[in-house]
Amino acid sequence: MSAEQAAALIDPGANVGMSGFTGAGYPKAIPAALAQRISAEHAAGNPFRISIWTGASTAPELDGALAQVDGIEMRLPFQSDPVCRAKINSGAMHFADMHLSHVAQHAWFGFLGKLSVAVIEVTAINADGTLVPTMAVGNNKTWLDLADKVILEVNYRLPMAVDGMHDIYYGTALPPHRKPIMLSAPNDRIGETTLRCDPDKVIAIVETDSPDRNTTFAAPDAVSARIAEHIIDFLGHEVRKGRLPNDLLPLQSGVGNVANAVLAGLQQSPFENLTGYTEVLQDGMLDLLRSGKMRSASASAISLSSSALADFLDNIDFYRDRIVLRPQEISNHPEVVRRLGVVAMNSMIEADIYGNINSTHVMGSSMMNGIGGSGDFARNGFLSFFVTPSVAKGGGISCIVPMCSHVDHTEHDTQVIVTEQGLADLRGLSPRQRAQIVIDQCAHPDFRPMLQDYFDRAQQSGGQHTPHILSEALSWHDRCLKTGTMKV
Ligand code: 0RQ
């Protein structure tokens, strides 16, 4: 049927599970048709909002379109759309920012309410009713299993040759019946290549032929390249110390330009035979696979620029042998991440001198994107890096602050902080030891004396385990909100 007919089957107030993970595999026609319907209902004076659960971020056609018409009541677990972000930050819609590995199980536990409809993009429907997934698996298995009704968007854009790249694990159960997840190498296969779907639940099938969002990355700038150099030097140091094998351990890399620069840096590094165990595979990791530096990679989605996508499609048989796409409850699973010993590298908004990390909030109260999978990997990985340029917004904001204005990852989960200034290895250090090394190694010279002054004065009175001057700890953010800069 048409997208309009399918959109008419979604009721106001419904919880809708949609496919989509980091700009890949999201439904493209139905959200737009639904946005038009919602807009018409609002014009007629009828309230109409739905809650949208996905894998991770989607694209303007989904998050942007539905947020624009004030059609979203609750969004979870991650978004990166400018319109959606503006609506969240103006208070016009709710957003539940969740660890990506938690989403499926919280839905199964009944913590999120009832899932009415699943709207899932697929590559094909097989004769036996199973579904060939797209470039993103995300929470699709869970939405298909839990929803009362299913709507499928069959997107003809991807070739059938993607069939076989996926590993959909059906062994999850609810506590107390859970069993170990028998995955002991990044490219192990423990599931099925297709998604199961009860045909009796399918109420609509819509055909499309549209590309994914295909974000283009900036070529690594000098700051990102410096950050990458520090990380690669450090990994070499760990190999020499015997703490990491020569081929390292499976790499996880966050989203964004800095993350991509680190992967580009690895291309020039001495390490060989690398593996990836990550949630989203972007251009940088594809390049490592192509050059043979990396032998295999596991993810929940592939999100590429147009040029990288062209290479992927031209060489799909090569990549299908080296890439496994999994549900995000497995790609980000704490048990698996810890067993494999993942080396986690994620970007942040700010770190404080003691090693607490803010990944999500600008100036303490405005949401950027969400925690995504950073916590799944940082908490459970073998090594956890958090990276950022030392300053933001042209130098007026220090990304190293006395106290984080919001905390996503605590000092207990942070091992290494990296800026273009340097790298702070915080393993085994006390808070006061950490503070000095973060100030010395990571702070921008414009802010280093201010941080040192704060730390020195904090050590003159009060508790001396984690010294703070509470009346001053967030004054840098307060000053920035008032004057536009953290500088005095
Ligand atoms: O805003 O473009 O308007 O200037 O934040 O910053 O430096 O371009 O870095 O694109 O790597 O994003 C943490 C947001 C970093 C991202 C974050 C402003 C800065 C700019 C972006 P402008 P950059 P990146 C796996 C892991 C959480 C989820 C995660 C993220 C914009 O990496 O969302 O890790 N991470 N997932 O100017 C005010 C500061 C700032 C600041 C930066 N201190 N104060 N603004 N900015 N620092 C993937 C998934 O989970 C799916």
Side-chain angles (χ1 to χ4, degrees), residues 20-24 54-58 77-82 85-86 97-103 136 138-139 215 217-218 220-221 223-224 227-228 251-263 276-282 284-285 299-303 328 331-332 337 342 344-352 357-379 381 384-401 404-406 408-409 413 418-420 442-444 447 476-477 480-481 484-486:
F21 197 106
T22 325
T54 60
S57 56
T58 64
F78 185 84
Q79 58 74 49
S80 63
D81 182 80
R85 184 184 295 135
D97 181 17
M98 295 173 65
H99 293 297
L100 296 189
S101 74
H102 275 175
V103 185
N139 285 313
T215 311
F217 293 100
D221 58 13
V223 166
S224 308
I227 292 174
L251 302 173
Q252 177 263 334
S253 156
V255 284
N257 292 326
V258 174
N260 224 40
V262 172
L263 294 175
Y277 197 81
T278 193
E279 59 185 31
V280 55
L281 197 151
Q282 295 183 294
M285 217 172 252
S300 192
I302 305 179
S303 177
Q328 70 197 64
S331 65
N332 289 36
V337 171
V342 169
M345 298 178 281
N346 291 290
S347 303
M348 59 177 162
I349 287 178
E350 62 186 6
D352 69 27
I357 304 291
N358 171 10
S359 293
T360 57
H361 283 69
V362 173
M363 299 299 145
S365 55
S366 290
M367 173 54 62
M368 179 60 89
N369 302 321
I371 191 167
S374 53
D376 297 324
F377 291 100
R379 180 74 202 275
S384 173
F385 293 89
F386 278 101
V387 306
T388 178
S390 63
V391 288
K393 302 289 177 201
I397 294 178
S398 176
C399 298
I400 307 296
V401 290
C404 277
S405 60
H406 174 94
D408 294 290
H409 312 287
D413 299 330
V418 194
T419 69
E420 80 289 357
C442 299
H444 190 279
F447 290 101
W476 292 34
H477 300 85
C480 186
L481 285 169
T485 173
M486 286 181 173

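Just the heavy atoms: all of them, side chains too, but no hydrogens, waters or symmetry mates, feed the values below. In this chain, numbering begins with 1 at the start of the sequence shown. Atoms within each ligand, like the ligands themselves, are counted from 1 in listed order.
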Colleague: Select one of side chain, backbone, both or neither to describe which atoms of Glu279 lie under 4.0 Å from any atom of ligand 1, heavy atoms only.
Modeller: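 Under 4.0 Å from ligand 1, Glu279 contributes side-chain atoms alone.
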Colleague: If you round to the nearest 0.5 Å, how far is OG of Ser359 from CZ of Phe386?
Modeller: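 Separation between the atoms: 5.0 Å.
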Colleague: For atom 44 (N) of ligand 1, tell me which residue out of Ile397, Thr388, Asp408 has the closest non-hydrogen atom.
Modeller: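 Checking each option, the heavy atom nearest atom 44 (N) of ligand 1 is found in Ile397.
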Colleague: May I ask you to decide if Gly284's main-chain N or O and Gln282's side chain share a donor-acceptor pair within less than 3.5 Å?
Modeller: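 Judged by distance alone, no pair lies under 3.5 Å.
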Colleague: Do ligand 1 and Met363 have nitrogen or oxygen atoms that lie under 3.5 Å from each other?
Modeller: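 No: no nitrogen or oxygen of Met363 is under 3.5 Å from one in ligand 1.
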Colleague: Taking the minimum heavy-atom distance to atom 27 (C) of ligand 1, which of Ala301, Ser374, Gly370 ranks first?
Modeller: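 That would be Gly370.
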Colleague: Distance under 4.0 Å to a non-hydrogen atom of Ile371: what atoms of ligand 1 satisfy this?
Modeller: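 The atoms of ligand 1 under 4.0 Å from a heavy atom of Ile371 are 28 (C), 29 (C), 36 (N).
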Colleague: Side chain or backbone, does Ile349 bring an N or O within less than 3.5 Å of an N or O on ligand 1?
Modeller: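 Between Ile349 and ligand 1, an N or O pair is found under 3.5 Å apart.
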Colleague: Between Asn369 (side chain only) and Ile371 (backbone N and O only), is there a donor and an acceptor less than 3.5 Å apart?
Modeller: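 No; zero donor-acceptor contacts below 3.5 Å.
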Colleague: Using a 4.0 Å cut-off to any heavy atom of Gly254, which atoms of ligand 1 qualify?
Modeller: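 Near Gly254, the atoms of ligand 1 are 25 (C), 26 (C).
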Colleague: Looking at Met368, which atoms of ligand 1 are within less than 4.0 Å of one of its heavy atoms?
Modeller: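 By the 4.0 Å cutoff, the relevant atoms are 5 (O), 14 (C), 18 (C), 31 (C).
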Colleague: Should one rank Leu100, Asn369, Val401 by closest heavy-atom distance to atom 16 (C) of ligand 1, which comes out on top?
Modeller: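 Nearest heavy atom to atom 16 (C) of ligand 1 lies in Asn369.
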Colleague: Applying side chain to side chain contact (heavy atoms under 4.5 Å, CB included) between Cys442 and each of Thr419, Thr388, Val387, report the one that passes.
Modeller: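 The residue from Thr419, Thr388, Val387 that satisfies side chain to side chain contact (heavy atoms under 4.5 Å, CB included) with Cys442 turns out to be Thr419.
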Colleague: Does atom CZ of Arg379 have more than 12 heavy-atom neighbours, drawn from other residues, nucleotides or ligands, at distances under 6.0 Å?
Modeller: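 12 or below, so no.
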